[in-house]
2 protein chains.
Amino acid sequence: MAADRFIIERDFLIIETTVKKIIVGFAKPLSCHNCRMNNFCLPLGLDADDLDKLEELIERKKPLQPREGVFFSGDPFTSIYAVRSGSIKSFCIDPDGREQVTGFYFPGEIFGWDGLADEHYQNTAIALETTSVCEIPYEQLDDLGNSIPSIQKHMMRLISREINADQRLIALLAGNSAQQKIASLLLSISDRLVKQKLSSTRLWLPMSRGEISNYLGLTVETVSRVLGHFQRKKYLAVNKKEIEILDKQALRDLMLSAEEVE
Amino acid sequence: MAADRFIIERDFLIIETTVKKIIVGFAKPLSCHNCRMNNFCLPLGLDADDLDKLEELIERKKPLQPREGVFFSGDPFTSIYAVRSGSIKSFCIDPDGREQVTGFYFPGEIFGWDGLADEHYQNTAIALETTSVCEIPYEQLDDLGNSIPSIQKHMMRLISREINADQRLIALLAGNSAQQKIASLLLSISDRLVKQKLSSTRLWLPMSRGEISNYLGLTVETVSRVLGHFQRKKYLAVNKKEIEILDKQALRDLMLSAEEVE
DNA sequence: CGGACCTTTGAAGACATTCAAGGCCTGTGG
DNA sequence: CCACAGGCCTTGAATGTCTTCAAAGGTCCG
């Protein structure tokens, strides 16, 4: 099986082979709290026919409702997923039964790699809001990878990115105060929204305080207090889940030095 | 390029192809604090000729001295590594300059995947004691993977394992007390030594208290105090870096329930 | 032997948690 | 449409765990 045509650009994969035509792509975001409307994959040069195929692929999966699951811990590993619009939280259950949030995923980001090692997902992934995801069957991707080397390479890079992200979180959890953790999370989300060409200062948090606190290894109360503190210091304007970053530099400084005058 | 013969068993790879003969293997441990002497790869059915090749490959890399580096943060990504004997610590430098230990690796374990994403290692890896590692050039592995699908699959699994390990650490860091973290680390090391057919109760920690504390997001003093506490409770016998686990069940209970009577 | 480094131990203090209560929003049913 | 229940979020005070600061004992290696 040889590829007639394939395009790889960052996280987009569009492949045509003589045997089968597979379009594995995920679009720019549609519309949601953090998203703007945009056309599918057109910048990658898809023609109308390809677009239909893609639409077909995407339409088959109707948007997930808030708290609806994509896969559950223990499910057989079949696919990886890309967020098209909305947001996803992934979490695992500790041996002692507690839930541990392991990641938040925004449009353009890929999740589900954790299931590869022993062919069962370790995490459960659920939608935080109305969310559409693109399912990418691993077997198909694997087949393609066997004939198209650069796809394999690309996949490996994507997995490795997950490792990098996890290790950043480890560093954050291990060596930082509550203020630093929260500043860091906000800046991270801000940066990731920029990639969607959204405002980097006005953002809407799809997750609850409880989910943030769990992710950062804190309690709900602490998260609330720190956000309150940041607001008093005019670093942020907080209105429930709407956050406006007023002084990004202050947050950056806080993240780095941990020193601050009251 | 087709493979005439290749054997994959857990983390061992031995491959022969018509074009080139590549033996990517790492042996059972030689001898060190935590190791027993053992023959190379013989259980996998290598003949004398293969064994010579393997020896050659391995001998070329002389053992690392304690604190000697395997690769450094920022180096171009070329290879992954398997620990043959000894132990490795990997760590990265936070934006604020602090060191953060991201993993300890024992014989049979593979490290270096973190460099794949952007072709430069994120972590620095150094030997904790006299250590020998097996370098596995990624390009060769990649080439082979292109002709032998199951190797690709195997590689992906190995990478995914790293994700799983990192996520376990995240859960540990986020939701546990100092006692739980340390109990968990000791049990983890104990389990990994069993895989080398070593005692699961008597173990020798190759890393310093400082490295443990950094890894677990604690201070040196806390680690020392908790070990002291465990010793007083007769869970452990601690003699510097030698640890004997006296009551494994107590540690397990501690890890799970967090409840304990004084 | 001396010095550097690691480890242990103590006491004081800081930071985050726990416990407790009240406010705010949402959705439901009367 | 309003009332009410149940979440979720915030705020306060007390507690506790871990850290910080300080000092002393050990170990390794020159």
Side-chain angles (χ1 to χ4, degrees), chain A residues 33 65-67 89 98-99 101 128-130 172-186 204-233 236-243 254 258-262, chain B residues 33 65-67 89 98-99 101 126 128-130 172-185 204-233 236-243 254 258-262:
Chain A
H33 285 94
Q65 292 305 305
R67 326 234 47 92
K89 117 176 150 172
R98 273 181 299 106
E99 175 179 321
V101 177
L128 287 170
E129 56 193 307
T130 303
L172 185 63
L173 289 171
N176 296 84
S177 68
Q179 292 196 13
Q180 289 176 308
K181 288 174 179 178
I182 290 172
S184 189
L185 176 63
L186 292 174
W204 185 85
L205 302 177
M207 69 293 277
S208 72
R209 299 288 191 268
E211 288 161 333
I212 293 176
S213 67
N214 181 298
Y215 180 68
L216 296 175
L218 301 168
T219 57
V220 196
E221 294 93 326
T222 302
V223 171
S224 181
R225 271 186 257 272
V226 170
L227 288 177
H229 174 74
F230 283 172
Q231 194 163 18
R232 258 172 272 118
K233 310 244 350 173
L236 301 175
V238 182
N239 181 1
K240 303 192 301 174
K241 300 195 161 186
E242 283 174 25
I243 306 262
L254 201 65
E259 288 310 324
E260 201 203 6
V261 284
E262 179 61 31
Chain B
H33 285 93
Q65 294 305 305
R67 326 230 52 87
K89 118 177 148 171
R98 274 180 298 106
E99 176 180 320
V101 177
I126 69 164
L128 287 170
E129 56 193 306
T130 303
L172 185 62
L173 289 171
N176 296 84
S177 69
Q179 293 195 12
Q180 289 175 308
K181 288 176 180 178
I182 290 174
S184 188
L185 177 63
W204 184 85
L205 301 178
M207 69 293 279
S208 71
R209 300 286 191 268
E211 287 162 333
I212 293 175
S213 66
N214 181 298
Y215 179 69
L216 295 176
L218 301 168
T219 58
V220 196
E221 294 93 327
T222 302
V223 171
S224 181
R225 272 185 257 270
V226 171
L227 288 177
H229 174 73
F230 283 172
Q231 194 164 17
R232 258 172 273 118
K233 309 241 357 171
L236 302 176
V238 182
N239 180 1
K240 303 192 300 176
K241 300 194 162 188
E242 283 173 25
I243 306 263
L254 200 65
E259 287 311 321
E260 201 203 6
V261 283
E262 177 60 29

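Chain A is the first sequence line, chain B the second, and so forth, proteins listed ahead of strands; every chain is numbered from 1.
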Any chance you could measure A:Lys241, atom NZ, to A:Trp204, atom CH2, to the nearest 0.5 Å? 5.5 Å

On a heavy-atom basis, the closest approach of A:Glu211 and A:Leu128 is OE1-CD2, 3.5 Å

Gap between atoms CG and P, on A:Leu128 and D:dC8 respectively (whole Å): 13 Å

Closest heavy-atom pair and its distance - A:Ala183, A:Leu254: CB-CD2, 4.3 Å

Would you say A:Ile182 and A:Thr222 make side-chain contact, with heavy atoms under 4.5 Å? no

From CG of A:Leu205 across to P of D:dC8 the rounded distance in Å is 16 Å

Residues A:Arg67 and A:Glu129 bridged, charged N to O under 4.0 Å: no

Is B:Arg209 close to B:Leu227 at the side-chain level, that is, under 4.5 Å between some pair of heavy atoms? yes

Tell me the interatomic distance from A:Gln180, atom CD, to C:dA14, atom C1', rounded to whole angstroms. 15 Å

Could you check how far CG of A:Leu216 sits from C1' of C:dA16, rounded to whole Å? 13 Å

Shortest non-hydrogen contact from A:Asn214 to A:Val101? OD1-N, 2.7 Å

Roughly, in whole Å, what's the span from CZ in A:Arg67 to P in C:dT26? 16 Å

Sugar-phosphate means primed atoms, P, OP1 and OP2; the rest is base. With that split, encode nucleotides 9-20 of chain D 5' to 3' as B, S or - using protein heavy atoms under 4.0 Å. SBBBB----SBB

Atom-to-atom span, CG of B:Asn214 to P of C:dC6 - whole angstrom: 13 Å

Closest heavy-atom contact between A:Arg98 and B:Asn176? NH2-ND2, 3.4 Å

Do the non-hydrogen side-chain atoms of A:Leu172 and A:Leu185 ever get within less than 4.5 Å of each other? no

To the nearest angstrom, the NE2-C1' distance between B:His229 and C:dT9 comes to 16 Å

Kindly calculate the angle separating the two end axes of the helix from C:dC1-D:dG30 to C:dG30-D:dC1, each obtained from five base pairs, and round it to 10 degrees. 30°

Calculate the interatomic distance between A:Asn239 atom CG and C:dC25 atom P; express it in whole Å. 9 Å

